[in-house]
Structure formats: C-alpha cells, structure tokens
Chemist: 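Here it is, the structure, as structure tokens.
The sequence lines fix the lettering, A, B, ..., with proteins before strands; numbering per chain opens at 1.
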2 protein chains.
Amino acid sequence: MQQALQQKVQKAASAIAQECFAMRVRYLNRSLTSIYDEVFRPLSITASQVNMLVAIITQQTLSPSELGGILNIEKSTLSRNLDRMRKAGWVEIDSSQPGRSHTVQASEKGQALLLNILPLWQKAQETTCTLLGSERSKAIREVADHARSEIMKT
Amino acid sequence: MQQALQQKVQKAASAIAQECFAMRVRYLNRSLTSIYDEVFRPLSITASQVNMLVAIITQQTLSPSELGGILNIEKSTLSRNLDRMRKAGWVEIDSSQPGRSHTVQASEKGQALLLNILPLWQKAQETTCTLLGSERSKAIREVADHARSEIMKT
DNA sequence: GGGCTATTGTTGCATATACAACAATATATG
DNA sequence: CATATATTGTTGTATATGCAACAATAGCCC
C-alpha cells in the first residue's frame, strides 16, 4: 500500500478514535454494566433485568410494546427477555385476550426481589459515582434524559 | 401484599428509575449503536467491529490482550469478535509462535475499508450530535475519557 | 361490511457480551 | 533448576441485542 494512502488510513483511524460517540457509550456500557452485574450476581439477576423490572413496577402494568418504547428495546429482544423473567417468576404476562396487546406486571416475587435489589444497587451506584466523579455522574443523567426525551418525541 | 410494603416497592423502583447510571448508559448504548449500525450496514460491518478496527489500526500491531485492555472487552468476547473479523478478511492474526502472545493487525482490505467507513461515520456522528446537542456530546467524551483513564490505572 | 394498512408479538438467524473452566505458556520464587 | 503462580487464549454455556420474515389482529377508508 502506498505511503500516502497509509497516512490517510492512520489519520482516519485517529480521528474516529478521538471523536467517536458510539465507541464511548459502548465503552461506558461495558464498564458500568459489569459493576452492576457483579453486585446483583448473588440474586441471580442481571443489570438488564433489573432495569426492566424497575420500569415494569414503576408503570404498574403495561404492554410489551409500551415497555419497549420506554426502554428503547427492540420488540424481539423484549419478547425473549420478558420470557426469561417470566420463567424466573418475577413477572406475569397476561396473553388471555388472544392477539390483543398483552399486559405485563411484576409478580409478588418480583416486587419482593426489588427490595433486596435496592441496597445492592446503592452500592453499585456509589462505586460508579466514585469512578466517574459526581459532576460527570450528573452529566450522564443529563445527557441520557435529554436523549430519551428527544427519542420519545418520535 | 401489604399496603406499606407496596409503597416501599414503588419508592424503590422510582428511586432507581430516576437515578440509575447503568440504566442510562445502557439506554444510550442501544440508541447510539443503532444509529451507527444503520449507516455502516451497506458495508456489512457493525459499530462494534468498526471500533475494533480503528483501535487495531491506531496501534498498528498489538496482542488480543492489549486490545482487550484498551477497549475493556473480556478476552473471550474479543477472541470470537476477532475471529469473525479475520474470517471477513479485515484483520490478520499471527499465531505462529505457539502459545506466545499473538499479534493482531489490519489487513490491506481492512485498511482500505476504513477509508470507506470514514464518510459514513461522519454522518452518524452528525446525527448523534444533532440528537444530543453539542454541549452534551462534549460531556459524553469527557465522561468516557475520564472513566477510561481511571480504569486504565488499574 | 370488505379490503388495505398499521400494530403487535414470535421465531429464525447472527452478532456482542461475559463467566467458568480449561490448556498452554511465561514468570517469579525458593 | 524446579515448582508455584500469573498471563494468555479458547471453548462451553447463557444472556442481550437487533433485523427479517411471518402471523394475527386492530383500525381505517370506501
């Protein structure tokens, strides 16, 4: 490969490495998810599942598609994630009205679990805050909440 | 379930929903990754693979474990991701010294691909900047780069 | 009402991710 | 030098994620 081309390639790689937003949120995702997954492990629940459980309990009852809208999770992903949580006994899914939009809600077991999750979550939250610093932690909230409001518009 | 307990559960869920960092970076990850995946689709490469290719080209040559350190990706994940990229012909993996640390580098095809990726990446980058606003975009960079420097210390 | 379209959910397939266990090698320590 | 320990990489297993295609239903327009 020519010298000139090589330099172009290097410059392109450097530019992307120094600027890319996707690379950065993906890095943060891996790093923070591992913190939360680790503290939740004694309860055999993942960070992803805690997120879903929290959203379901907050909303009391809702359809899978509404939940997908709130969390911006694709319907097929949600379908299988919910199925795992149903098998674990944390949520109940009412598919009685055939074909109609299903309803999802937390079971008693799922609600009780959340109370055990809370102190573990607080620990992970603190670890994260220490890692990022409190100013940057606030920034994460601000950015994500803004993105969510923008995405929900559409 | 008792009324008092129900309230505790609701409060816990609200607190987590309003504060959780993991929920937020996971949301951003899904939202931004889909923007980049979409623009890269014509080249049959994913955002994750672009990240890896960029890191490899920037470093010129390095071992899988070094790459894992840079991107904070678990070694087993990396092993399989690299294998897919090798099969696609974008990287070369030298395992000649048996048992010793392997070396990874981009192939000519991989380097040429990066030049085609660049304009698509710029488009995704702009879309993201419009979605987040330029101040918040800067904040993402600041937070992730700080986290990376903290994590690299250890 | 009848047909067209949009919404909702599932399934097949592929990639991304990580833990645990393993194998092989490298390094340190006595 | 020999053994104990640490590093490196792969493989088995499981969850998380999304696209495409499909099925079923709901809603709309005439």
Chemist: Measure CG/B:Asn29 against P/D:dT15 and give the value in whole Å, please.
Modeler: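 Going from CG in B:Asn29 over to P in D:dT15 covers 20 Å.
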
Chemist: Flag the pair B:Arg30 and A:Glu74 as a salt bridge only when some basic side-chain nitrogen lies within less than 4.0 angstrom of an acidic carboxylate oxygen.
Modeler: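 Salt bridge flag = no for A:Glu74 with B:Arg30.
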
Chemist: Rounded to whole angstrom units, what separation is found between the CE atom of A:Met85 and the C1' atom of D:dA14?
Modeler: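 Nearest whole value for this atom pair: 16 Å.
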
Chemist: When you compare the protein's N or O atoms with those of nucleotides 19-21 of chain C, which come within less than 3.5 Å of each other, and at what distance?
Modeler:
residue, atom, partner, partner atom, Å
C:dC19, N4, B:Ser76, OG, 2.5

Chemist: Could you check whether B:Glu142 pairs with A:Arg136 (Lys NZ or Arg NE/NH1/NH2 to Asp/Glu carboxylate O, under 4.0 Å)?
Modeler: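 A:Arg136 and B:Glu142: salt-bridged.
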
Chemist: Which whole-number value in Å describes the distance from A:Glu38 CD to D:dT15 C1'?
Modeler: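 Whole-Å distance recorded here is 17 Å.
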
Chemist: Just compare C:dT17, D:dT17, D:dT10 and give me whichever is closest to any side-chain atom of B:Ser79.
Modeler: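 Among the listed nucleotides, the one closest to the side chain of B:Ser79 is D:dT10.
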
Chemist: Tell me the interatomic distance from B:Leu28, atom CG, to D:dT17, atom P, rounded to whole angstroms.
Modeler: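 These atoms are roughly 14 Å apart.
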
Chemist: How would you list, by chain and number, every residue that makes a side chain to side chain contact (heavy atoms under 4.5 Å, CB included) with B:Ala88, sequence neighbours excluded?
Modeler: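 For B:Ala88, the residues satisfying side chain to side chain contact (heavy atoms under 4.5 Å, CB included) (neighbours in sequence not counted) are B:Trp90.
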
Chemist: How long is the line joining CD1 of B:Ile35 and P of D:dT17, in whole Å?
Modeler: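 After rounding, the gap between these two atoms is 17 Å.
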
Chemist: OP1 or OP2 of D:dG9 versus the side-chain N and O atoms of B:Ser65: is any pair under 4.0 Å?
Modeler: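 Looking at the OP1 and OP2 atoms of D:dG9, one of them is under 4.0 Å from a side-chain N or O of B:Ser65.
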
Chemist: List for me each residue that meets side-chain hydrogen bond (donor to acceptor under 3.5 Å, both in side chains) alongside A:Arg41, sequence neighbours excluded, and say none if there are none.
Modeler: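 None.
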
Chemist: Between A:Asp37 and A:Thr46, is there a side-chain donor-acceptor contact under 3.5 Å, judged purely by atom types and distance?
Modeler: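 Per modelled atom types, A:Thr46 and A:Asp37 side chains form no pair under 3.5 Å.
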
Chemist: Whether B:Arg80 and B:Asp83 form a salt bridge (side-chain N of Lys/Arg under 4.0 Å from carboxylate O of Asp/Glu) is what I want to check.
Modeler: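 No, no charged N to carboxylate O under 4.0 Å.
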
Chemist: Rounded to the nearest Å, what distance is computed from the CG atom of residue A:Asp83 to the C1' atom of nucleotide C:dT11?
Modeler: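 Rounded to whole Å, this separation is 12 Å.
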
Chemist: Does any residue of residues 42-59 of chain B have a heavy atom under 4.0 Å from DNA chain D, and if so, which ones, in number order?
Modeler: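 Listed by number, there are none.
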
Chemist: Return the value, rounded to whole Å, for the distance between atom CZ of B:Arg26 and atom P of D:dT15.
Modeler: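 These atoms are roughly 14 Å apart.
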
Chemist: Do any side-chain nitrogens or oxygens of B:Asn81 fall under 4.0 Å of OP1 or OP2 in C:dT15?
Modeler: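 No, because none of the side-chain N or O atoms of B:Asn81 sits under 4.0 Å from OP1 or OP2 of C:dT15.
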
Chemist: Write down the distance between CG (A:Leu82) and C1' (C:dT11), rounded to a whole number of angstrom.
Modeler: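 Interatomic distance, CG of A:Leu82 to C1' of C:dT11: 16 Å.
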
Chemist: Would you call B:Glu150 and B:Lys153 a salt bridge, using N to O less than 4.0 angstrom?
Modeler: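 Salt bridge between B:Glu150 and B:Lys153, a charged N being under 4.0 Å from a carboxylate O: yes.
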
Chemist: Could I get the full list of salt bridge (Lys or Arg N to Asp or Glu O under 4.0 Å) partners for A:Arg26, not counting sequence neighbours?
Modeler: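 Here no residue qualifies.
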
Chemist: With sequence neighbours left out, write down each residue that passes side chain to side chain contact (heavy atoms under 4.5 Å, CB included) with B:Ala22, or none if nothing qualifies.
Modeler: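 Side chain to side chain contact (heavy atoms under 4.5 Å, CB included) list for B:Ala22, sorted by chain: A:Tyr36, B:Cys20.
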
Chemist: Between B:Ser31 and B:Ile93, who's closer to the 5' end of DNA chain D by nearest nucleotide?
Modeler: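 Final value for this comparison: B:Ile93.
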
